[in-house]
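In what follows, every heavy atom counts, from backbone to side chain, and hydrogens, waters and symmetry copies are set aside.
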There are 2 protein chains.
Amino acid sequence: MREKADSDLVRRQNRLLLMEALRQHGAMARVEMGRHTGLSPASITSISSQLIADGILEEDTAPHVPSEGSHRRGRPTTQIDFNPKNANVVAVKVSIDGLELALADGRGAILARRTSRTATYDADPTAFGKLVADEITALLAKARVPARRVARVGIAVQGVADSQAGTVVWSPAFRTRNIAVSSVVEERLGIPCRVANDANMIAEGLIGSDRAGYGGTAAVVFMGYGVGMGLIINGQVYHGPTGAAAEFGHMNHLPDGPLCRCGRRGCVEAYVADYSLLRWASGNAATQPPSFNAIPEAHMLALEAAAHRGEAAAVSAYAKAGEALGFGLARIIAILTPSRIVLAGPGTRAMALIAPHLNRALEAGVVDELRRNVAIEVVPIDTDMIIKGTIDRALRHVDREIFAHGPPLKRGRELENIA
Amino acid sequence: MREKADSDLVRRQNRLLLMEALRQHGAMARVEMGRHTGLSPASITSISSQLIADGILEEDTAPHVPSEGSHRRGRPTTQIDFNPKNANVVAVKVSIDGLELALADGRGAILARRTSRTATYDADPTAFGKLVADEITALLAKARVPARRVARVGIAVQGVADSQAGTVVWSPAFRTRNIAVSSVVEERLGIPCRVANDANMIAEGLIGSDRAGYGGTAAVVFMGYGVGMGLIINGQVYHGPTGAAAEFGHMNHLPDGPLCRCGRRGCVEAYVADYSLLRWASGNAATQPPSFNAIPEAHMLALEAAAHRGEAAAVSAYAKAGEALGFGLARIIAILTPSRIVLAGPGTRAMALIAPHLNRALEAGVVDELRRNVAIEVVPIDTDMIIKGTIDRALRHVDREIFAHGPPLKRGRELENIA
DNA sequence: AACATTTTTTTGGACGCCGAAATAAACAAC
DNA sequence: GTTGTTTATTTCGGCGTCCAAAAAAATGTT
């Protein structure tokens, strides 16, 4: 209801619809496209042949493999999928102890990876953009893909990212604030680049893999070294005015609570993140500053074991985390009444220790009627979900841009004469 | 990107666009419609003449009034506006001490009003739907408008409304929970009926009157007898999966805080609402149950005066309210990063007393970077805003429904022969 | 080899929008 | 008053998109 509708909008919308179906369900025949999009077979033929002519899609040339239940009569289907060579994308995940990169083709298949260990926290912030650009260059060199074949770079980072400005506003991975990234990468490589919050990318990945399951309003909480949240509102990841939304980890739980890495006191993260759990267990959390170092998984496993053995300090750390998480979620529920809350990340390993306190806090924190309509569940998430989500989002962006300025483009007039 | 696009969608969307412009800016000439919608003059002529033929719009027949700056040459414009007789709507506002009703015509002009004083809190909840239906009947009788001319009833209520189910899930105006309303009204009057939260209706009204100002993401907080919030996300009032969203008043501030009317402890309302301020001032807030009675304005004025005189209990009540409000807003900012937060309602009279504590809490509660991007302002709001917003929303619903099932409808073929 | 079945393409038509030209309804100037 | 000038609105022809129906294609079945 925002935009004026004309034949151009119809064109764009239906093409996107078709490509969206393809992203969602993978290669499919024209008939299936019809089922997914509601378009008539005639239109599907017309649209798909145009997209194939544009090099965006391609027909599966593989000789029809008679799979399992293929005892069907009639003309066999021809599968159609994205042309993998049409557009590549690069995803970069920034963590406290290094960068993780992946190059994907137009279908989202990962072609090459690269990891670099660099302590980002104390490094020169002005050099960070250059570092990312150099790492991408190295990745592309390794995969023998020229930069001009890459349509987009997506960068996922913990903390507050301003995707409009292309900066990392604040992140526990850096001492400094407002670090420019997008502009540097764009200048050096000539590839459009986007910075986003890592938890949002997980949400993006979940939507990408199961649109029906995350169709309405849902919150995805990622617990681990930090606490992140991706918010799905009406089936779309909510990015807020500047792209810096859903900072659940830095939502206050208690005024004058323990110090958080963001510099405030009493944030949810200051109770629930790995470093916070260790800090509680070590005793003097109220005054002790937060740690900015990477925490080996072994430390967390040891803490969990201690809690399971019943050691008071460890047990109480998880109790505090459960309470903070519960009240935090209660507040989210009061405001947004999501129909689903998904807990994920390494922090959920200790769910058995956390759950009772979480539930008690939820009961105390929000009216029954609202609480009863939300399903809270723990979902095991592939560590790679951030990379996958970033790739997914980048590809969908590329899809959208194809038709962004799309005038009817009178290509292929000559072809009509052939017929 | 959800719906398949075809000529029918184009038709619907452009007609809605035109009607939306008309709702927004009032009567206007065809040229202006073109400017607002981006449609060509030719299309505007075609669309508007069809809507006029359908009785949805009408040309202003008034002889062109040469207003102030009308020293323009050229053919004068003909104003077009909604046909006021096309659809009437009824708005009902439920408060603790009675009902307020208004009947509006298709342009949103109020034709008749009615107020009824009934203590709803202890009344028979099963009779409430009937009461509303009877009051509407009386209102219509007074205005001599038959029920079949009313296209929709909107009911605004404090507390949690489930607009899907058409029930008042929980409201401080009632002792009982889950009171069916819509179904009763629909059965008795045969008019589609919708229950909604009152603060959401204020937000709806604000959007209706200034779409540009509330275009992005904003939160509207209504402070008074209770504390409500309307959330505007991407220019639209967020209603959540069931229509029960943005219960800011019942978002927890502090675990184990004072008792709230919702039965929990430590809700924002239990610090900020009128009854809470009085309770703090009276001393033993921690244990004292909340009051469910209507509070005369004089009481609040007296409390404000006491605080301005520097009486410790009163001053501290406003300090507590400011802190709760500040941390509450800080949490909202962390999650949604709205670009605008609007405070409204009688509670804002005491803003001078509240503001310092609110600001201190905001600073303590959320990272600077996020806080700096939000404008917090006090906006004086007409007491009638709830009624107006409810009317507005009802009319927009009606607008949308006109084209909901709209097949091309081949009306007026014969007219072509005349030309 | 003829028929059945399913997918895909072709063909002709409908609908909605647009640009350009025509028409309408004022005001302005002589 | 008559002739322009200006602005608003309508008319007309054309374009692009989709769709339904019919045709063609490609395979299985009898």
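- For R15(A), the side-chain atoms get nearest to dC18(D) when compared with the rest of dC18(D), dT8(C), dT10(C).
- Checking dA25(C), dT10(C), dC19(D) against every side-chain atom of P76(B), the shortest atom distance belongs to dA25(C).
- Between dT10(D), dC17(C), dA20(D), one nucleotide has an atom nearer to the side chain of P41(B) than all others, and that is dT10(D).
- Remark: N14(A) is not in phosphate contact with dT17(D), judged by side-chain N or O atoms under 4.0 Å from OP1 or OP2.
- Distance CZ (R30(A)) to C1' (dA24(D)): 14 Å, rounded to an integer number of Å.
- When rounded to the nearest whole Å, the span between CD of E3(B) and P of dC18(D) equals 14 Å.
- Nearer the 5' end of DNA chain C, as judged by each residue's closest nucleotide, is the contact made by S46(A), out of G38(B) and S46(A).
- Closest to the side chain of R75(B), from the set dC18(C), dG16(C), dT23(C), is dT23(C).
- Taking side-chain N and O atoms only, S43(A) has a distance below 4.0 Å to OP1 or OP2 of dC19(D).
- Each of I44(A) and S40(B) was assigned the nucleotide of DNA chain C with the nearest heavy atom; the assignment lying further toward the 5' end belongs to I44(A).
- The D6(B) side chain lies nearest to dC18(D) when the options are dA21(D), dG19(C), dC18(D).
- Here the C1' atom of nucleotide dC17(C) and the CG atom of D8(A) are 11 Å apart, to the nearest Å.
- Under the 3.5 Å distance criterion, with hydrogens and angles disregarded, a donor-acceptor pair is assigned to the side chains of S48(A) and R30(A).
- For the pair I80(A) CD1 and dT7(C) C1', the computed distance is 11 Å after rounding to whole Å.
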Could you give the side-chain donor-acceptor pairs of residues 31-42 of chain A under 3.5 Å, partners two or more places apart or in another chain?
from   : atom 1 : to     : atom 2 : distance (Å)
E32(A) : OE2    : A29(A) : N      : 3.1
T37(A) : OG1    : M33(A) : O      : 2.7
T37(A) : OG1    : L39(A) : N      : 3.2
S40(A) : OG     : S43(A) : N      : 3.2
S40(A) : OG     : S43(A) : OG     : 3.0

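- With respect to the salt-bridge test (charged N to carboxylate O, under 4.0 angstrom), the residues E20(A) and R211(A) qualify.
- By the 6.0 Å and 45° rule, R340(A) stacks over the aromatic ring of Y214(A).
- Atom CG of D60(B) is separated from atom P of dA8(D) by 17 Å (rounded to the nearest Å).
- Across the interface with DNA chain D, nearest-nucleotide mapping of V10(A) and A42(A) shows V10(A) to be the residue nearer the 5′ end.
- Looking at R194(B), R393(B), R23(B) one by one, the single match for salt bridge (charged side-chain N to carboxylate O under 4.0 Å, His left out) with E204(B) turns out to be R393(B).
- Spacing between atom NZ of K4(A) and atom P of dG16(C) amounts to 16 Å, rounded to whole angstrom units.
- Among the protein residues, I47(B) comes within range of the sugar-phosphate backbone only, with heavy atoms under 4.0 Å from sugar or phosphate atoms but none that close to a base.
- For dG16(D), the OP1/OP2 oxygens have no side-chain nitrogen or oxygen of S7(A) closer than 4.0 Å.
- A straight line from CD of E32(B) to C1' of dT9(D) spans 14 Å, rounded to a whole angstrom.
- Remark: C1' of dT17(D) and CD of Q13(B) are 15 Å apart, rounded to the nearest angstrom.
- At dT9(D), one or more side-chain N or O atoms of T78(B) fall inside 4.0 Å of OP1 or OP2 (strictly under the cut-off).
- A side-chain donor-acceptor contact under 3.5 Å links E186(B) to the backbone of C193(B).
- Taking the side chain of L39(A) as heavy atoms from C-beta on, and the options dT9(D), dC18(D), dA21(D), the nearest nucleotide is dC18(D).
- Residue side chain R73(B) reaches the base of dT5(D) through a donor-acceptor N/O pair under 3.5 Å, judged by distance alone.
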